[in-house]
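Each residue takes its place number in the sequence, starting with 1. As the structure lists them, so they are numbered: ligands from 1, and atoms in each ligand from 1.
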Amino acid sequence: MGENSENRYIDTRGAVENPVSFTEAVVSGLAPGGGLFVPQRIPALELDEICKLADLPYAQQAAWIYNAFEGDLPAEQIQRIAEEAYGANFDTPEICPIEELPGDMYMLELWHGPTSAFKDMALQCLPRFFSASAAQLRQSGKLEDTHMILVATSGDTGKAALEGFCDVDGVTIGVMYPDGGVSDIQFKQMATQRGGNVTVWGVRGNFDDCQTGAKKVFGDPAFAQQLHDDYRVALSSANSINWGRLLPQIVYYVSAYGRMVTSGAIEAGDPIDVCVPTGNFGNILAAYYAKRMGTPIRRLLCASNENRVLTDFINTGTYDIAHRDFVKTPSPSMDILVSSNLERQLFELTGRDGDAIKGWMADLNASGCFQVDRETFGKMRELYLADSVDNETCLATIREVYEDTGYLMDPHTAVAYQVASNLREDGVPVLIASTAHWAKFGNNVYRALHGIALDEELPADVAALSGCELNRLVAEEAGGKPIPRGLAELDDLPLRFTEVIDGTPDAIQAAVRSFLGKQGH
Ligand SMILES: *Cc1c(COP(=O)(O)O)cnc(C)c1O
C-alpha cells in the first residue's frame, strides 16, 4: 500500500484541518472540537467481490474489508488482528451465523462471542486496533504514554470491553458500574473477569453518577498531568464513537449478504432490508456504510423501544430530548436519549457539511432539540423507516415467536423483530440484527414465556434463584438448548472484584491511582 493511497480521517464538525491517520483516529477516539472521525474515502465493492468474500473464513473477510479502507497499519498486522479477534473466542466457526425464520426473516446472530452480546463483534477487535495503533505511534515518536481505558457502564459494554482489553499489550482497563444497578448475571460477568490488566469498581449511585464521575475525571487536566508524571499513563475511553469500533461492524453486513446469496436465500443483486434494534446508532450506521460500499441493502429499518427519540426523529426530522423522559425498558442497552453516532449519519446525508452538523449539535446542547432541513429529511426518508415497540409488546413478541417457531429471542432482538414485522414489504427479505443471547436477559425472558407483566412480582421461588439458576430453568422449559459457557458457569467462578467506591471525582481518581500503583507503573 503506497503512502499516497493512505485513507485519512476528517471529522463531522469540520474542526480537523489536517486529516489524521487511522491509528491516530483510533487512539484519539473523539476528534478535537467534539466531532467524530470519518474516513475521507469509503471504498466501493463489486457485487461479485461481496459474494466471493463470503466463501472465506470470517476473519479473512474482516481483514479484507479493513484493508479496503487503506489505513496505516500494515496488512499483515491487520490479518493477525482479525484472526485473533474472530477465532476460538467465538462459540461457532461461522462467528455470526444466520438463522432463517418463516416469512423471509433472517436472524443475524451477533452474540456468539465471549460475553454473549453483539458488543463483542466490535470489542474483540477495537482493543487490538488500539494496542497496535498506540505501539506504532509510540515507535514514530508521536506518543509517549501507555493507556488506561476507563469505562462507565450500565451493563453490557463494560463486560465486553473487559473481555476485549483483557491481557492486551500496553493497555490497562478499569470499569465502573452502578452498585446494585445491574443484573445478577451482569454483576458476576464483571466481578469474575480474568486478566492481569483489568479492574472493576461498583459505584455508589446510579449509572448517571458513574458516567458523570468518569466525565469529570476525563476532563481534569491536573489529574491527566499527574498520571503522566507518576505513571506515564494517559486515560482513554472505549465508547462506541470510536471509528475502530464501527469498522468491524460493517463487516458482518457485507458478509451476511454474501452468505445469503451462497446459501440460496437470495440471488446475487436482490435487495434486502436490514432491521436493527438501535440505541447509540452504531450498529445501524455500520449497515448504512455497508450499503454505501455496494451491498444491495434497500432500506434500513430503525427499531426503538419506548425511548423512541430516533423513531420520532426519522419520522419528523426533529430530534427532541427536551420533551421526553428516560423510560426503563426490558431492553436496557437501547435506553438512550442522546444517540451519538447519528452525527456521522447526518454528516453523510448533508454531503459532509461540517457546519450544518456543528449548528445542530449546538442546538441540541443549548435547547435539547434540533431540526434538520427539508433536503436532509428527504434523504433520510429514502434510506430509513422507523418504528417503536412498547414494553409489554416486546415481551409478547418473545412469547409469540417462541410458540410459533421455537426460536427464543432476547428483548432487544424482539424489538427489532416486531418492527420488521410492522414495516416490511412482501417480497423483500429482512435481515434482523440479533444483538444478545436471551440468557443475558433471562429474567425478562422468563416473564415473557410465563405471561408475567413487568410490574408484577415474580413467584417467590423464582425470585430467589440466581441469574444462572433462572436461566437453567428457562432453558429446560424451552427445549434444553445449552446456555453459552461464559454465562452458564458464572456461579462457579471466584468473585475477583467486589470493591465499591463513591462516584466523586476524588474517589475515582484515588481508585485509578491505587490500581496503577499495583500494576507496577
Ligand atoms: C448496545 C446494544 C444495542 C444498541 O446498539 P447501538 O449500536 O448502540 O445502536 C442493541 N442491543 C444490544 C443487546 C446491545 O448491547
Side-chain angles (χ1 to χ4, degrees), residues 36 96 107-124 126 151-164 177 182-183 185-186 189-190 207 238-250 252-253 274-290 300-311 313-314 329-345 384 386 388-389 394 398 408-420 432-442 444-445 484 487:
L36 312 187
C96 48
M107 312 303 287
L108 176 58
E109 295 182 345
L110 301 172
W111 39 258
H112 288 272
T115 79
S116 305
F118 105 95
K119 303 281 188 297
D120 289 332
M121 296 302 297
L123 279 168
Q124 283 298 301
L126 170 75
V151 180
T153 183
S154 56
D156 279 357
T157 302
K159 175 60 183 181
L162 284 165
E163 197 59 40
Y177 67 89
V182 299
S183 73
I185 293 275
Q186 287 175 320
Q189 274 192 306
M190 291 188 276
F207 173 59
N239 53 25
S240 75
I241 47 101
N242 195 306
W243 178 259
R245 242 179 102 167
L246 201 67
L247 179 58
Q249 297 180 220
I250 299 172
Y252 48 74
Y253 290 111
V274 171
C275 184
V276 183
T278 297
N280 230 340
F281 215 78
N283 200 0
I284 200 164
L285 180 70
Y288 163 78
Y289 279 118
L300 302 166
L301 312 181
C302 177
S304 304
N305 62 25
E306 290 191 13
N307 293 297
R308 46 175 290 152
V309 60
L310 281 167
T311 294
F313 175 62
I314 289 168
T329 75
S331 44
S333 298
M334 299 154 69
D335 288 346
I336 263 178
L337 291 180
V338 179
S339 191
S340 0
N341 268 301
L342 179 62
E343 181 166 342
R344 282 194 174 102
Q345 181 64 79
Y384 283 93
S388 71
V389 173
C394 167
I398 294 175
L408 200 49
M409 295 183 298
D410 97 286
H412 302 76
T413 308
V415 166
Y417 183 93
Q418 187 58 45
V419 167
I432 295 173
S434 173
T435 51
H437 188 279
W438 65 262
K440 279 213 83 169
F441 303 94
N444 285 324
V445 173
L487 296 178

Evaluate the side-chain proximity of Pro411 to Val445: yes if any heavy-atom separation is below 4.5 Å, no if none is.
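Result yes, sub-4.5 Å side-chain heavy-atom pair found.
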Working note: Asn242 + Arg245, criterion side chain to side chain donor-acceptor pair (under 3.5 Å); need CA distance, chi angles, decisive distance, verdict.
CA-CA 5 Å; Asn242 195 306; Arg245 242 179 102 167; over 6 Å; no
Thr413 vs Phe441, side chain to side chain contact (heavy atoms under 4.5 Å, CB included): CA-CA, chis, key distance, verdict
CA-CA 11 Å; Thr413 308; Phe441 303 94; over 6 Å; no
Are Leu300 and Val276 close enough, and set up right, to give a side chain to side chain contact (heavy atoms under 4.5 Å, CB included), and what steps lead you there?
CA-CA 8 Å; Leu300 302 166; Val276 183; over 6 Å; no
List, ordered by chain and residue number, the protein residues whose closest non-hydrogen atom lies under 4.0 Å from any atom of ligand 1.
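Lining ligand 1 at under 4.0 Å, by heavy atoms, one finds Phe118, Lys119, Asp156, Pro277, Thr278, Gly279, Asn280, Phe281, Gly282, Asn283, Ser333, Met334, His412, Thr435, Ala436.
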Taking ring pair (Phe, Tyr, Trp, His ring centres under 6.0 Å) as the criterion, tell me which of Tyr288, Tyr384, Phe313 meets it with Phe281.
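Going through Tyr288, Tyr384, Phe313 one by one, the ring pair (Phe, Tyr, Trp, His ring centres under 6.0 Å) with Phe281 is satisfied by Tyr384 alone.
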Please test Asp335 against Asn307 for side chain to side chain donor-acceptor pair (under 3.5 Å), starting from the C-alpha separation and ending with a verdict.
CA-CA 6 Å; Asp335 288 346; Asn307 293 297; 2.9 Å; yes
